Amino acid sequence: MTQHDENRLREQIVVYGKSLFERGLTMGSSGNISVRTEDGGWLMTPTNACLGRLDPARISRLDREGCLLNGDKPTKESFLHMAMYAERPQSEAIVHLHSTHSVAVSCLPDIDTCDCIPPLTAYYVMRVGKLPLVPYHIPGDPTLGDAVGSLAGQHSAVLLANHGPVVAGKTLEAALYATEELEETAKLFLLLRGQNPRCLSPEQVADLEARFPRN
Ligand SMILES: O=C(CO)COP(=O)(O)O
Ligand SMILES: [Zn+2]
């Protein structure tokens, strides 16, 4: 990867982080973003950084073992990102947020833990699919990596109980689109609770999955 390519990725993380923050999808210093680099390492947002005010030069650059090469100390969820990448060679970027409606769903007592949100819309099926719940862990708990890793081969998105979503994508843009679709569908799900909404049928879901395969 040339320095020019790396700088472009750094700028992309800053621009998307600011956009997420300005739209209220991430608050305070919560959430983190990572992108795989060509040498098998990663660029990750630093720990305790506000995604709305990232400095491209201070973004953490890690090697393939997860050792810091330059920039600030990485997010405390770096091992969680790495565990997900290990199961998803097709994914080049991961976004983790504390987006309000997704977090609200992650706190509900009676959701299906194998699939937290039903197939309400076509775009939810196309971008997210089945969303398993990962049992509660303290943020930064290394065992969270194992819990997420065991699901990540089958799922590009998981929901951390009482915490928030972790979403992988082929590109950073794809990971963002999927995270935003998840947040909006979580909002719809909460709006429709108790109203017995008409969900997409298994046939309609299968048709979408055949025509718009997620990776
Ligand atoms: O969302 C977060 C923890 O789950 C934020 O942690 P970091 O500031 O270490 O990235
Ligand atoms: Zn978090």
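In each ligand, atom 1 is the first atom listed, and ligand 1 is the first ligand listed. Values in this document were obtained by computation on a predicted structure and should not be read as measured data.
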- Note on the structure: Quick note on ligand 1: atoms under 4.0 Å from a heavy atom of Ser29 include exactly 5 (C), 8 (O)
- Message: Among all protein heavy atoms in this structure, tell me which lies nearest to atom 3 (C) of ligand 1, with the distance rounded to 0.1 Å.
- Response: Glu77 OE2, 3.3 Å
- Could you walk me through whether Leu151 and Gln154 pass the side chain to side chain contact (heavy atoms under 4.5 Å, CB included) check? CA-CA 6 Å; Leu151 295 163; Gln154 299 298 316; over 6 Å; no
- Query: Do Thr171 and Glu92 have side-chain atoms, one donor and one acceptor, less than 3.5 Å apart?
  - Reply: no
- Query: So is there a nitrogen or oxygen of Gly31 less than 3.5 Å from a nitrogen or oxygen in ligand 1?
  - Reply: yes
- Does the side chain of Glu11 pick up a donor-acceptor pair with the side chain of Asn7 at under 3.5 Å? no
- Query: What atoms of ligand 1 come within less than 4.0 Å of a heavy atom belonging to His98?
  - Reply: 1 (O), 2 (C), 4 (O)
- Could you pull out the closest heavy-atom pair between His81 and Asn32, with the gap in Å? NE2-OD1, 2.7 Å
- Query: atom 9 (O) of ligand 1: which of Thr47, Asp141, Thr45, Thr26 has the nearest heavy atom?
  - Reply: Thr47
- Item | Taking atom 6 (O) of ligand 1 as the reference point, the nearest protein heavy atom with its distance | Lys76 NZ, 3.0 Å
- protein heavy-atom neighbour closest to atom 8 (O) of ligand 1 works out as Asn48 N, 2.7 Å
- For His163, the ligand 1 atoms whose distance to one of its heavy atoms is below 4.0 Å: 4 (O)
- Query: For ligand 1, which atoms, with element, lie under 4.0 Å from some heavy atom of Asn32?
  - Reply: 1 (O), 2 (C), 5 (C), 6 (O), 7 (P), 10 (O)
- Task: For this output row, return yes or no: ring centroids of His137 and His163 closer than 6.0 angstrom.
- Result: no
- Query: Between Asp5 and Thr2, is any side-chain donor less than 3.5 angstrom from a side-chain acceptor?
  - Reply: yes
- Item | Minimum-distance protein heavy atom relative to atom 10 (O) of ligand 1 | Thr75 OG1, 2.7 Å
- What pair of heavy atoms forms the shortest contact from Val167 to Ala178, and how long is it? CG1-CB, 3.6 Å
